[in-house]
Amino acid sequence: MKKDLRTRLVSFFCSRGMKAVCIILLQLLCVPTVWAQVTVEDLDTVELFKTFPPTIEGKCEQQNIRLNIKQPYKLIRSRGYVPCQLPCDTKGCIFRHIIAQSDASIVHQDKDCELYLKTSIRSGNSRDDLTPLPTGGKINMNIYGYIKSDLKWQMDKMYKAVEPCEVDEIKMLLTDYPASLAKQYFNADYMLMYPIDTKQQECRDKFTRARCVVIGKDYRFVFMYFFLTDDNAKDLNKYLAQLKGMIWFN
């Protein structure tokens, strides 16, 4: 009798039906754990993207800047490059360095002018680290650090905080557009320009010149890196005027 009962139990536990029941029970036990993990990860990702938006559109929206690129320009991408996708494949090239640090690229319809945009990422209405400008308005002190890195790229390849004593020296190297023009083009408080020393490098057998125009209002700013050819470097102001209203500080 005991032997028959043992045989039946063994037969039952080895049967396909029992295996199916065991699998279902395991799935029910695992699902809550997996669901909890996915939910937490999703929440973390959402919060991360709110603080550090991954696209130029998200960064501009976060800072109440309107971005509306239209003809004669075209927004080519909105996500950062990975190294193998950089259009300039020359390691150590200043053009490549600028591209890698940018948030988006814009190409003019004549194909002889490309822009690479880099924006501030700070949210809220912070008034920290602001210094007044002679032309009116205030400028984020971080801007001078980025300019310092651009002007001394061969030595300082990463962002370096600027010392107060260096600000006046940097200002001497900038072209300061009239505040009224910055207001008209971008509703910005200021518009500054400085040349990038390309060290006689050439990007994609075309671009040999680079200029950076910085626009900003209160703590917010946008760096616009213009890649130009020898022939059209003189047309920077034309390309700048055609951007009127496409980037707008609300």
Side-chain angles (χ1 to χ4, degrees), residues 56 59-60 62-67 69 73 94-95 97-106 108 113-122 126-153 156 158-164 166-198 209-228 233 235-250:
I56 185 69
K59 290 180 179 180
C60 287
Q62 179 199 59
Q63 298 173 91
N64 201 20
I65 301 173
R66 188 178 74 233
L67 183 69
I69 305 303
Y73 289 98
I94 292 176
F95 290 100
H97 168 74
I98 293 172
I99 294 169
Q101 297 297 318
S102 67
D103 298 313
S105 63
I106 301 173
H108 194 276
C113 173
E114 289 184 3
L115 278 84
Y116 290 85
L117 306 179
K118 180 172 66 178
T119 74
S120 51
I121 59 174
R122 201 169 185 175
S126 173
R127 292 294 181 267
D128 297 338
D129 299 324
L130 296 181
T131 183
L133 285 169
T135 55
K138 295 184 177 181
I139 189 170
N140 189 320
M141 281 292 290
N142 289 335
I143 286 175
Y144 292 118
Y146 289 119
I147 295 174
K148 174 184 175 182
S149 297
D150 285 341
L151 295 176
K152 298 182 178 181
W153 186 83
D156 300 320
M158 297 183 67
Y159 171 82
K160 297 290 179 106
V162 67
E163 299 295 333
E166 296 176 303
V167 172
D168 288 338
E169 181 182 350
I170 291 174
K171 285 181 179 179
M172 294 175 62
L173 303 173
L174 305 177
T175 297
D176 198 347
Y177 287 89
S180 59
L181 197 63
K183 183 82 172 177
Q184 178 186 353
Y185 282 7
F186 308 108
N187 197 34
D189 288 342
Y190 57 85
M191 184 161 61
L192 312 170
M193 188 276 290
Y194 58 94
I196 304 291
D197 185 2
T198 59
R209 306 292 183 90
R211 304 282 187 272
C212 184
V213 176
V214 187
I215 55 176
K217 188 173 186 176
D218 47 62
Y219 69 94
R220 303 168 293 168
F221 57 81
V222 178
F223 278 68
M224 300 184 290
Y225 293 93
F226 289 79
F227 287 9
L228 303 163
D235 297 326
L236 172 64
N237 288 336
K238 179 194 77 172
Y239 290 122
L240 190 60
Q242 290 174 339
L243 284 166
K244 180 180 176 180
M246 296 188 196
I247 302 172
W248 195 258
F249 290 85
N250 294 314

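On a predicted model such as this, the values are computed, not experimentally measured, just so you know.
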Undergrad: Return the set of residues passing salt bridge (charged side-chain N to carboxylate O under 4.0 Å, His left out) with Glu169 (not counting sequence neighbours), or none when no residue passes.
TA: none

Undergrad: Mind checking the CG-CZ spacing from Asn237 to Arg211? Nearest 0.5 Å is all I need.
TA: 10.5 Å

Undergrad: By ring pair (Phe, Tyr, Trp, His ring centres under 6.0 Å), which residues pair with Tyr239, not counting sequence neighbours?
TA: His108

Undergrad: Is any side-chain heavy atom of Leu236 closer than 4.5 Å to one of Arg209?
TA: no

Undergrad: Please name all residues satisfying side-chain contact (heavy atoms from CB on, under 4.5 Å) with Ala188, sequence neighbours left out, ordered by chain then number.
TA: Ala182, Phe186, Ile215, Phe249

Undergrad: First locate atom NZ of Lys118, then atom CD1 of Ile99, and finally report the distance between them rounded to the nearest 0.5 Å.
TA: 13.0 Å

Undergrad: Just jot down the side-chain contact (heavy atoms from CB on, under 4.5 Å) partners of Leu174, sequence neighbours excluded, or say none.
TA: Tyr144, Ile147, Ile170, Leu192, Tyr194

Undergrad: At their closest point, which heavy atom of Pro195 faces which heavy atom of Leu173, and how far apart are they?
TA: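 Closest approach of Pro195 to Leu173: CD-O, 4.4 Å.
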
Undergrad: With side-chain contact (heavy atoms from CB on, under 4.5 Å) as the test, would you mind laying out the steps for Ser102 and Leu117 before giving the verdict?
TA: CA-CA 5 Å; Ser102 67; Leu117 306 179; 5.9 Å; no

Undergrad: Roughly how far, to the nearest 0.5 Å, is CD of Gln184 from CG of Leu181?
TA: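 So the CG of Leu181 and the CD of Gln184 are separated by 6.0 Å.
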
Undergrad: Mind listing the closest non-hydrogen atom pair of Asp189 and Ala179 along with its distance?
TA: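 Looking at all heavy atoms of both residues, the closest pair is O-CB, 3.9 Å.
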
Undergrad: Evaluate side-chain contact (heavy atoms from CB on, under 4.5 Å) for Ile196 paired with Tyr225, printing each intermediate quantity in order.
TA: CA-CA 9 Å; Ile196 304 291; Tyr225 293 93; 4.3 Å; yes

Undergrad: Which heavy atom of Leu228 sits nearest to which heavy atom of Cys113, and what is that distance?
TA: CD2-SG, 3.9 Å

Undergrad: Give a yes-or-no answer on whether the side chains of Asn140 and Tyr146 include a donor-acceptor pair shorter than 3.5 Å.
TA: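 The answer is no; no qualifying pair exists.
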
Undergrad: Under the side-chain contact (heavy atoms from CB on, under 4.5 Å) rule, what do Ile106 and Met224 come out as? Steps first, then yes or no, please.
TA: CA-CA 10 Å; Ile106 301 173; Met224 300 184 290; over 6 Å; no

Undergrad: Apply side-chain contact (heavy atoms from CB on, under 4.5 Å) to the pair Met191 and Leu240, showing each step before the final yes or no.
TA: CA-CA 11 Å; Met191 184 161 61; Leu240 190 60; 3.8 Å; yes

Undergrad: Can you see which heavy atom on Lys217 is nearest to which on Tyr190, and at what distance?
TA: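 Scanning both residues completely, I find the closest heavy atoms to be N-CE2, 4.2 Å.
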
Undergrad: Are the side chains of Leu243 and Tyr185 in touch, meaning some heavy atoms are under 4.5 Å apart?
TA: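 Side-chain contact under 4.5 Å: no.
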
Undergrad: As an exercise, state the distance from CG of Asp150 to CD1 of Ile98, rounded to the nearest 0.5 Å.
TA: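 It comes to 6.0 Å.
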
Undergrad: Going from NZ on Lys148 to CD1 on Ile143, what distance comes out if it is rounded to the nearest 0.5 angstrom?
TA: 16.0 Å

Undergrad: Just so I know, are the side chains of Asn250 and Arg66 near enough to count as touching, which here means a heavy-atom distance under 4.5 Å?
TA: yes

Undergrad: My understanding is that only residues two or more places apart in sequence, or in another chain, count here; which of them pass side-chain contact (heavy atoms from CB on, under 4.5 Å) with Asp168?
TA: Lys171

Undergrad: Would you please name every residue forming a ring pair (Phe, Tyr, Trp, His ring centres under 6.0 Å) with Phe95, sequence neighbours left out?
TA: Phe227

Undergrad: Could you please spell out the steps behind the side chain to side chain donor-acceptor pair (under 3.5 Å) verdict for Ser120 and Gln63?
TA: CA-CA 8 Å; Ser120 51; Gln63 298 173 91; 2.4 Å; yes

Undergrad: Where is the tightest heavy-atom contact between Ile65 and Val222, given as atom of each residue plus distance?
TA: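 Smallest interatomic distance, heavy atoms only, reads CD1-CG2, 4.4 Å.
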
